[in-house]
Asks: 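What follows is a structure written as structure tokens; I'll ask about it next.
Hydrogens, waters and symmetry mates play no part in the numbers below; they use all other heavy atoms, side chains included.
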Amino acid sequence: MALVRRALGTLVHRAYAAIRQAGAISPASPAGYRFGRIGDGVSIAFPPGAIFGERWIEIGDHTLVGERVSLSCGMGPGVDLGPGSILRIGSSCSIGRGTHIVAHQSIDIGDHVFTGPYVYITDQNHVYDDPETPIGRQWPRNSPVSIGSGSWLGTGAIILPGTSLGRQCVVAGGAVVRGSFPDHSVVAGVPARLVRRYTPEHGWHAPGVAALAAEHQAAAEYQKPGYQQPDRQKPGYQQPERQKTA
């Protein structure tokens, strides 16, 4: 009996592996031809999530998309969304399983972007302008999303419409992100805020460190022998501008 169970288990696992391999979407598979562009070495794992509007989806070379990932353009299948692409995923990306990328106007994901599982990215959100009409029946609002090359999005992160992430950004797991963040930012929280960033002068640091360092440098200059306090009463004196927080 044990031998039979072992043989059946091996058969099931081999059959499932063969099904996954045959069901994966690649440039050479029939489903791959439906995409606006699907680059060399791309693989969308089986089983996929909801995939429609492929004509408006472009995926760069050597990008790997995990199982149960949803990639969609528009409200549903069969809608004409115009001549240009709407969802663009760069080269050598890795999209974690269970992720949803839902595009209606414009989502740009750069090269070498990695996501953990169950990330949600969308450029459309419901509105609640009319307090009497059910929110789900009010016409949604779109705003483009851009994610810079080399970025990492942690497990369960949510990227809302209007978000712009620079290059080499880190989004903490579970963060709800909206707004613009510069290159080399680390954002976390609900709602997400900047918690660290990189500058050549100070390396990785918390917000405000650059301004604090400038104040310390000014204080050190003040304490040097022979330092003369500027005459604020002298004609033409201008109050120095306080350095903005980094």
Side-chain angles (χ1 to χ4, degrees), residues 11-125 140 142-153 155-161 163-165 167 171:
L11 181 63
V12 167
H13 284 286
R14 287 181 178 177
Y16 184 65
I19 290 171
R20 289 188 61 191
Q21 184 175 0
I25 299 173
S26 69
S29 66
Y33 293 115
R34 296 200 292 264
F35 285 79
R37 179 179 181 271
I38 184 167
D40 293 338
V42 169
S43 178
I44 301 176
F46 180 88
I51 298 180
F52 56 83
E54 296 97 320
R55 174 182 163 188
W56 294 276
I57 299 175
E58 297 182 359
I59 304 177
D61 297 345
H62 307 295
T63 284
L64 302 178
V65 179
E67 61 185 40
R68 296 181 175 86
V69 170
S70 293
L71 304 172
S72 63
C73 289
M75 293 288 189
V79 179
D80 188 351
L81 301 174
S85 61
I86 293 177
L87 170 56
R88 293 166 290 276
I89 302 174
S91 300
S92 301
C93 295
S94 178
I95 309 300
R97 65 178 180 179
T99 290
H100 287 59
I101 306 178
V102 182
H104 297 270
Q105 180 181 356
S106 176
I107 295 180
D108 275 295
I109 299 175
D111 300 331
H112 303 284
V113 172
F114 282 58
T115 83
Y118 308 110
V119 170
Y120 185 79
I121 304 170
T122 185
D123 62 357
Q124 184 179 90
N125 212 348
N142 301 333
S143 188
V145 169
S146 175
I147 299 172
S149 295
S151 294
W152 160 255
L153 280 57
T155 300
I158 298 174
I159 310 298
L160 294 176
T163 295
S164 177
L165 293 173
R167 295 175 52 256
V171 176

Asks: Can you tell me if Thr122 uses its side chain to pair, donor with acceptor, with the backbone of Gln124 under 3.5 Å?
Replies: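 Answer holds: yes.
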Asks: For the backbone of Gly82 and the side chain of Trp56, can you confirm whether one donor and one acceptor N or O come within less than 3.5 Å of each other?
Replies: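 Looks like yes, one N/O pair under 3.5 Å.
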Asks: Nearest heavy-atom pair of Val145 and Pro161: which atoms, and what distance?
Replies: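 Closest heavy-atom pair between Val145 and Pro161: CG2-CA, 3.9 Å.
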Asks: Going by the side chain to side chain contact (heavy atoms under 4.5 Å, CB included) test, name the single residue among Thr115, Thr163, Ile109 that passes it with Ile147.
Replies: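 For Ile147, the side chain to side chain contact (heavy atoms under 4.5 Å, CB included) check succeeds only for Ile109.
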Asks: Strictly distance-based, threshold 3.5 Å: is any side-chain N or O of Asp108 a donor or acceptor partner for the main-chain N or O of Ser146?
Replies: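 No.
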Asks: Between Leu71 and Ile89, does the side-chain contact (heavy atoms from CB on, under 4.5 Å) criterion hold? Intermediate values first, please.
Replies: CA-CA 10 Å; Leu71 304 172; Ile89 302 174; 4.2 Å; yes
Asks: Test your reading of the model: is there a side-chain donor-acceptor pair from Ser149 to the backbone of Gly110, 3.5 Å cut-off?
Replies: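 Not a single qualifying donor-acceptor pair exists.
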Asks: Tell me if a side-chain donor or acceptor on Thr99 pairs with a main-chain N or O of Pro117 at a distance below 3.5 Å.
Replies: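 No: the side chain of Thr99 does not pair with the backbone of Pro117.
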Asks: Side chain of His100, backbone of Gly98: donor and acceptor closer than 3.5 Å?
Replies: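 Yes, His100 side chain to Gly98 backbone: donor-acceptor pair under 3.5 Å.
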Asks: Answer yes or no: is there a donor N or O on one side and an acceptor on the other, between the side chain of Thr63 and the main chain of Cys93, under 3.5 Å?
Replies: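 Pair found, side chain donor or acceptor close to backbone of Cys93.
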Asks: For Ser106 and Arg88, does a side-chain donor sit closer than 3.5 Å to a side-chain acceptor?
Replies: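 Short answer, yes.
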Asks: Determine yes or no for a side-chain-to-main-chain donor-acceptor pair under 3.5 angstrom, with Asp111 supplying the side chain and Gly90 the backbone.
Replies: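 The answer is no, because no donor-acceptor pair under 3.5 Å joins these two groups.
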Asks: Taking it one step at a time, do Arg97 and Tyr118 satisfy side-chain contact (heavy atoms from CB on, under 4.5 Å)?
Replies: CA-CA 6 Å; Arg97 65 178 180 179; Tyr118 308 110; 4.1 Å; yes
Asks: Should Asp61 and Arg37 count as an ion pair when the cut-off is N to O under 4.0 Å?
Replies: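 Yes, this pair counts.
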